[in-house]
Each structure stands twice: as C-alpha cells, then as structure tokens.
Number of protein chains: 2
Amino acid sequence: MGDPKSVDLPARLVAAALSALERGEDIGLRAVARDAGVSAMAPYRHFRDKAALLAAVAMRGFVDLKTALLAADAQRDARAALIAQGEAYLAFARARPALFRLMFSGHDCGPPPVEDNAYGVMVRRVRQLAPADPDAATLACWSAVHGMATLALDGGLPPGDARLEHAALSLVVAGLAPPDPG
Amino acid sequence: MGDPKSVDLPARLVAAALSALERGEDIGLRAVARDAGVSAMAPYRHFRDKAALLAAVAMRGFVDLKTALLAADAQRDARAALIAQGEAYLAFARARPALFRLMFSGHDCGPPPVEDNAYGVMVRRVRQLAPADPDAATLACWSAVHGMATLALDGGLPPGDARLEHAALSLVVAGLAPPDPG
DNA sequence: AGCCTATGTGTACGATGTACACGACAGGGA
DNA sequence: TCCCTGTCGTGTACATCGTACACATAGGCT
C-alpha cells in the first residue's frame, strides 16, 4: 500500500485513510501514516491536522458520489432519472458507509462542497421537473434521498428492501410535480 | 451540577453528559465524572463503557424528541399535523445539534429505538393520511424529515429559511396522497 | 562552494478510555 | 457483639491518541 514512495505523500495518505475506512477500521493518524510508509509526523507537512486529512478524504468521497449520480442520471425520463439518482445515492451510502458518514460528519471545515459536486446533478433534474418553486422541490428531494441514506446507516431501516425504497422515492418525486398529466 | 450526591449516580452522569453536550463541549468520560462529582472510574460501576453512557444519553434524547413531536401533532388536520411534526423535528435538531448527532451516530448498540418512541408518532399520522402503501409513505416522510434535519446540521442548508422548509415539507406530504380531492 | 526551503524523523507531552487492586460501608447471620 | 459479604467509589497505571518541538536530510538556487 505504501511502497511506491515516488508518488506524492498527500495522495498516498488519502489513499491509505480511504482504504482503512473501507476496511472498517476507524482511522488513526498514526496508522494511516504507517500504511503510507512514513513516520507519524509526516502528514503534518501536508495537512494542518487530522481533520484536514479527513476533509481531503471526504472530498474524494464527494467526487465518487457525483460520478455515481451522473451515471444514474443518464436516462431519458426526468422522473426515472431522479429516482435512479436516489437509489444510487442509497447504494453509495450502503457500499461505503464509513466514507459516507465521514462526508457528512460536519467535523470538517464548514459545509461540505455538495453544491459544486453531487448536489448539482440532482438540482438540474429537479428544476427540470418542478419549475414552480424549484428551491422547495430541490430541498424536499435532496432531504428525502439523504435522509433515507442516513437512516439506512444509523437509523433503523430494517434491511435493504429495494422495492420499498423505490416506492418511497417514487412518492417523493411524484409530490414534486403532478405525476402524469396530459 | 454534581453537588447533590443523594440522587443516584447514573442519573447524575447522564445529566452531566447532557449538559456538556448542550454546552457544545465534546464529552469526555473523565470530565463527565468530574462534573458529576465522582472519580473517573466511578461511571464503570453503572455503564459498561463510554458508549453505554452515550447510549443512555441518546435514550433521553429520543424521549425528548417524542415529546416534541407529540406536542406538534396536537392538531385536527392530519396534513398540517404531519408538517408541524417535521418542523418540530427540525427545530429539535437545530436547538440541540450535538444531542441529535449523538442520537443518530450509530455507535450505540444497534438501531436506535426510534420505533418505540418518536417514530410511532409520525407513523400514525402517515397511515391515517396514506392508507394505500403506508410503508412507502412512512419511509418517504420519515426520510425527508430526518434528511432535512441532518442536512441542516452537517449538510449545507444555508440558514433556517422557515418558509422554504415549510414549502418542502408540504411538497412531501402532498406527495403521500392526492392533496385535496373532493 | 554555500545556502535556503521543503520534506521527513524522533522524541516528548498532555489527554483519553479503561483494567486492576484496594478501601469504605451497609446489611444480615452467628 | 462480631464478622462476612456485596455494592459502590477511589487511586494508580497503561496503551493509545493527536500533536508541538527540534533536528536531519535532500534538491535547487546563486
């Protein structure tokens, strides 16, 4: 993991932290540094403190999330695309729970850059679907999707009942605009 | 805070932890014990470890949340009651952010007891409003409300734009069932 | 050459969660 | 009366954490 010392240390550190996260371990700065092949104090040359490293990891997570949302959005029908985005969001949270939690732990500096990344993908579709009061529609949609993901992780959502989740997402999307008028 | 040694220690510890949370400090077991007027090891006579203490604090939070939801639910119109519940949920999260985060941090033992507490208050109203596919409606509603609260804390919800939030909640509730048929 | 800056090392400190052995103290049988 | 036993809290000790500090080293400039 930390063998190729030729690549820059910040990237190696982020990669090591990410892989520790995916492995389910709680990341410690010392362990990350060791996995990256450097001493415990080396990360401080590139990150102000542990929180800054975690913020960098979270950034990476937001990039991946945006990619997933973009892929799910590649559909003709706006309504279906929006629902698919929601399902992709949920799948992302379930596939990488620790990373997802980190992304929305708020310990990082200020609000997460959701607006410039994943957020925008969903906002476009919502605006297209609900031109009247698009801000409220966006907030409703984003809240439902994000809430479902966090409930799946830390709330009490029983298992991954795909049919139920699809139905719930459909309900929300249907509420944004009249479902299928002539 | 820790003066009245007559009352039982577990309650004093939970109270001390809660007040530290509300004060914005991150709770440390030693500090909590000191605030409760006992030594650092005393809590271990009543809680297996720090996580168990936090779980007890979270329980208290769920009780308070249920109370708030019940108060908001005291209305005639089901739709209005549901929206009021959402707003109360959001207000709770904003008023006691650290407690709210703790309640849904997942570090506690298993899923939070939402079902027996706050969850049920909302479920009743949703079932009353959307008798067809009530499970999906419940999931949609709960997700939207919880998601909006977490986004308000750790996502990038700008300020507390009450009008916008009310509109978003209305959209979701409207999606649960046709808004006002004859 | 000499030097400057960036980068990484080693050591040390305070704080944390917690394991362990001990002391104080109440209640109940002899 | 004494003692025995269980519950509760104390004090000490240890591993681990994040991180401040001083130092070593390497690469590019003049």
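Sequence lines set the chain letters: A, B, ... in the order given, protein chains first and strands last, and positions in each chain run from 1. Worth knowing before you read on, the calculation uses all heavy atoms, side chains too, and leaves out hydrogens, waters and symmetry mates.
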Colleague: Which residue, Val172(B), Leu129(B), Asp77(B), forms the side-chain contact (heavy atoms from CB on, under 4.5 Å) with Leu82(B)?
Modeller: Leu129(B)
Colleague: For Ala144(B) and Ser143(A), work out which heavy atoms get closest and say how close.
Modeller: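 In this case the closest contact between Ala144(B) and Ser143(A) is O-CB, 3.4 Å.
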Colleague: Report the C-alpha separation of Arg124(B) and Asp73(B) in whole Å, then their side-chain angles, then the decisive distance to 0.1 Å, and conclude whether the salt bridge (Lys or Arg N to Asp or Glu O under 4.0 Å) test is met.
Modeller: CA-CA 10 Å; Arg124(B) 251 197 314 276; Asp73(B) 189 58; 5.5 Å; no
Colleague: Just how far, in rounded Å, is C1' of dA6(C) from CG of Asp8(A)?
Modeller: 14 Å
Colleague: State yes or no: do Met59(B) and Leu29(B) share one hydrophobic cluster built from I, L, V, M, F, W and Y residues joined by side-chain heavy-atom distances below 4.5 Å, directly or via other members?
Modeller: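 Cluster IDs for Met59(B) and Leu29(B) differ.
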Colleague: Please check if any side-chain donor atom of Arg101(A) sits under 3.5 Å from a side-chain acceptor atom of Ser105(A), or the reverse.
Modeller: no
Colleague: Determine the interplanar angle of the Phe100(A) and Phe104(A) rings, folded into 0 to 90°, and report it as parallel if under 30°, tilted if 30 to 60°, perpendicular if over 60°.
Modeller: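 Answer is tilted, since the angle falls between 30° and 60°.
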Colleague: Test salt bridge (Lys or Arg N to Asp or Glu O under 4.0 Å) on Arg127(B) and Asp135(B); report intermediate values, then the result.
Modeller: CA-CA 8 Å; Arg127(B) 283 187 182 276; Asp135(B) 287 343; 3.4 Å; yes
Colleague: Taking five pairs at each end of the helix from dA1(C)-dT30(D) to dA30(C)-dT1(D), what angle separates the two helix axes (nearest 10°)?
Modeller: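 Taking five pairs per end, the axes differ by 30°.
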Colleague: For chain B and DNA chain D, what are the first and last nucleotides along the strand, 5' to 3', with at least one atom under 4.0 angstrom from a heavy atom of the protein chain?
Modeller: dC8(D) to dA13(D)
Colleague: Output the rounded distance in Å from CG (Leu29(B)) to P (dA19(C)).
Modeller: 11 Å
Colleague: I'd like to know whether CZ of Arg60(B) has more than 12 heavy-atom contacts from other residues, nucleotides or ligands below 6.0 angstrom.
Modeller: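 Result for CZ/Arg60(B): open.
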Colleague: Step by step, would you call Tyr119(B) with Phe62(B) a ring-ring contact (aromatic ring centres under 6.0 Å, His included)?
Modeller: CA-CA 10 Å; Tyr119(B) 193 53; Phe62(B) 280 114; over 10 Å; no
Colleague: Within the supplied structure, the quantity of interest is the number of heavy atoms (other residues, nucleotides, ligands) at a distance under 6.0 Å from Arg94(B) CZ; does it exceed 12?
Modeller: yes
Colleague: Distances under 3.5 Å between protein N/O atoms and the N/O atoms of nucleotides 8-11 of chain C, please, pair by pair.
Modeller:
residue : atom : partner  : partner atom : Å
dG8(C)  : OP2  : His46(A) : NE2          : 2.5
dG8(C)  : N7   : Arg45(A) : NE           : 2.9
dG8(C)  : O6   : Arg45(A) : NH2          : 2.5
dT9(C)  : OP2  : Ser39(A) : N            : 2.6
dT9(C)  : OP2  : Ser39(A) : OG           : 2.9

